[in-house]
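Below is one structure; the comments refer to it alone.
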Amino acid sequence: MRNKFDQQLDVLSQELTEMGALCENAISQAAGALLQGDLSLTDAAIATDAEIDQKERAIEGLCLKLLLQQQPVARDLRQVSSALKMITDMERIGDQAADISEIIRLANVTAKDNTLHIGQMAKATMKMVTESVEAYVRRDVALANAVIASDDVVDHYFDAVKRELISLIARDADKGEYAIDLMMIAKYFERIGDHAVNIAEWVVFSITGRHGDMDTPPPARA
């Protein structure tokens, strides 16, 4: 019985890894559309979001099956219940990559040389998402905590983007609409970073049963 349960947990980890890879692809496609001006990548990101939605449903079904059939307790229960929480954040990451793509497609926005911090912000959020899922699969608290700390890096890039856009409008008021579009995109990247932190916090909880000094699960970020 235990061997079968461990096999199912391995399947769960594999499914989460695949969902994490899809999230990484969606972010990469949205960022590529922004930085390269390739609008075909917006369609790819939106299609990837649909795959993420399907993967969420598949993992949710697997988790519920594990809970109902195996009735796990203690650490196993935390692992399965945390996976259910994680896929909610991962689904939102896919949605936000699709939202970025919609803005790019509708407004035909491309990041210029004077707004390249937004590209660095995209890369930083992609790294956070990848490593948060890796931390779950590897049961690595240190890596999860590193992801949580990386949120400061994304916040730094977000502040840099804001400064760049303020400077852009000061030089050319006609760039106001373009700046607003980029600001919305930067905010979506910042939210993706927040969701990666949520995932990492659930990883820590699944392994330790603790969040900081509390015996309760971590609060979800918006």
Original post:
Which pairs, with at least one residue in residues 19-37 and sequence neighbours excluded, count as a salt bridge (Lys or Arg N to Asp or Glu O under 4.0 Å)?
Top reply: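 Counting only pairs at least two positions apart or across chains, no salt bridge (Lys or Arg N to Asp or Glu O under 4.0 Å) contact touches residues 19-37.
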Original post:
Which residue pairs satisfy the salt bridge (Lys or Arg N to Asp or Glu O under 4.0 Å) criterion with at least one member in residues 43-52, sequence neighbours excluded?
Top reply: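 The answer is Asp43-Arg105.
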Compile the donor-acceptor pairs under 3.5 Å between side chains in residues 53-66 and protein atoms, sequence neighbours left out, one pair per line.
residue: Lys55; atom: NZ; partner: Glu15; partner atom: OE1; Å: 3.3
residue: Lys55; atom: NZ; partner: Glu18; partner atom: OE1; Å: 2.7

Subject >> N/O donor-acceptor pair under 3.5 Å between Tyr136 side chain and Ala200 backbone >> reply: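 No; judged by distance alone, with no hydrogens or angles, the pair does not exist.
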In Å, rounded to the nearest 0.5 Å, how long is the span from [atom1] of [X] to [atom2] of [Y]?
X	Y	atom1	atom2	result
Thr208	Arg75	OG1	CZ	12.0 Å
Leu22	Glu91	CG	CD	12.5 Å
Leu34	Ile103	CG	CD1	10.0 Å
Phe158	Arg163	CZ	CZ	11.5 Å
Met19	Thr17	CE	OG1	12.0 Å

Original post:
Do Ile46 and Leu35 share a hydrophobic cluster (ILVMFWY, side-chain heavy atoms under 4.5 Å, transitive)?
Top reply: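 Result: no, two separate clusters.
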Original post:
Under a 4.5 Å side-chain heavy-atom rule over Ile, Leu, Val, Met, Phe, Trp and Tyr, are Ile169 and Ile166 clustered together?
Top reply: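 Per the 4.5 Å side-chain linkage, Ile169 and Ile166 are not co-clustered.
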Subject >> Which residues share a salt bridge (Lys or Arg N to Asp or Glu O under 4.0 Å) with Glu131, sequence neighbours left out >> reply: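 In terms of salt bridge (Lys or Arg N to Asp or Glu O under 4.0 Å), with neighbours along the sequence ignored, Glu131 is linked to Lys127.
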Original post:
Quick one: salt bridge (Lys or Arg N to Asp or Glu O under 4.0 Å) partners of Asp159, sequence neighbours excluded?
Top reply: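 Expected list: Lys162.
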Where [X] and [Y] come nearest, the two heavy atoms and their spacing:
X	Y	answer
Gly94	Ile52	CA-CD1, 3.7 Å
Ala30	Ile100	CB-CG2, 4.0 Å
Gly20	Val129	O-CG1, 4.4 Å
Ala196	Met128	CB-CB, 3.7 Å
Thr110	Gly37	OG1-CA, 3.7 Å
Cys23	Ile93	CB-CG2, 4.0 Å

**OP:** Evaluate side chain to side chain contact (heavy atoms under 4.5 Å, CB included) for Phe5 paired with Gln69, printing each intermediate quantity in order.
**Re:** CA-CA 10 Å; Phe5 183 63; Gln69 293 183 357; over 6 Å; no
Original post:
Does the side chain to side chain contact (heavy atoms under 4.5 Å, CB included) test come out yes or no for Tyr178 and Val109, once each step is laid out?
Top reply: CA-CA 7 Å; Tyr178 167 76; Val109 176; 3.9 Å; yes
Original post:
What residues, two or more places apart in sequence or in another chain, satisfy side chain to side chain donor-acceptor pair (under 3.5 Å) together with Asp140?
Top reply: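 Asp140 satisfies side chain to side chain donor-acceptor pair (under 3.5 Å) with Arg138 only.
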Original post:
Can you name the residues that form a side chain to side chain donor-acceptor pair (under 3.5 Å) with Ser101, not counting sequence neighbours?
Top reply: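 In terms of side chain to side chain donor-acceptor pair (under 3.5 Å), with neighbours along the sequence ignored, Ser101 is linked to no residue.
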For a 4.5 angstrom cut-off between non-hydrogen side-chain atoms, does [X] reach [Y]?
X	Y	result
Phe205	Gln79	no
Thr125	Ile27	yes
Val161	Leu182	no
Val154	Tyr157	no

Could you list the residues that satisfy side chain to side chain contact (heavy atoms under 4.5 Å, CB included) with [X], not counting sequence neighbours?
X	answer
Asn108	Leu39
Ala33	Leu41, Thr42, Ile104
Lys123	none
Leu77	Leu67, Pro72

Subject >> Check against side chain to side chain contact (heavy atoms under 4.5 Å, CB included), Gln70 and Val80 >> reply: CA-CA 11 Å; Gln70 303 295 339; Val80 176; over 6 Å; no
Subject >> Derivation of the side chain to side chain donor-acceptor pair (under 3.5 Å) call for Arg139 and Ser206 >> reply: CA-CA 9 Å; Arg139 312 291 290 159; Ser206 74; 3.2 Å; yes
**OP:** Could you name each residue pair satisfying side chain to side chain donor-acceptor pair (under 3.5 Å) that touches residues 179-189, not counting sequence neighbours?
**Re:**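 Residue pairs with at least one partner in residues 179-189: Lys187-Glu190.
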Subject >> Asn198, Leu143, Val197 screened by side-chain contact (heavy atoms from CB on, under 4.5 Å) with Ile148, the one that passes >> reply: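 Of the listed options, the one satisfying the test is Val197.
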**OP:** Begin from the C-alpha positions of Gln96 and His195 and carry the test side chain to side chain contact (heavy atoms under 4.5 Å, CB included) through to its verdict.
**Re:** CA-CA 10 Å; Gln96 284 155 359; His195 285 295; 3.3 Å; yes
Original post:
Can Asp95 and Arg92 be counted as an ion pair, charged N to O under 4.0 angstrom?
Top reply: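 Arg92 and Asp95: salt-bridged.
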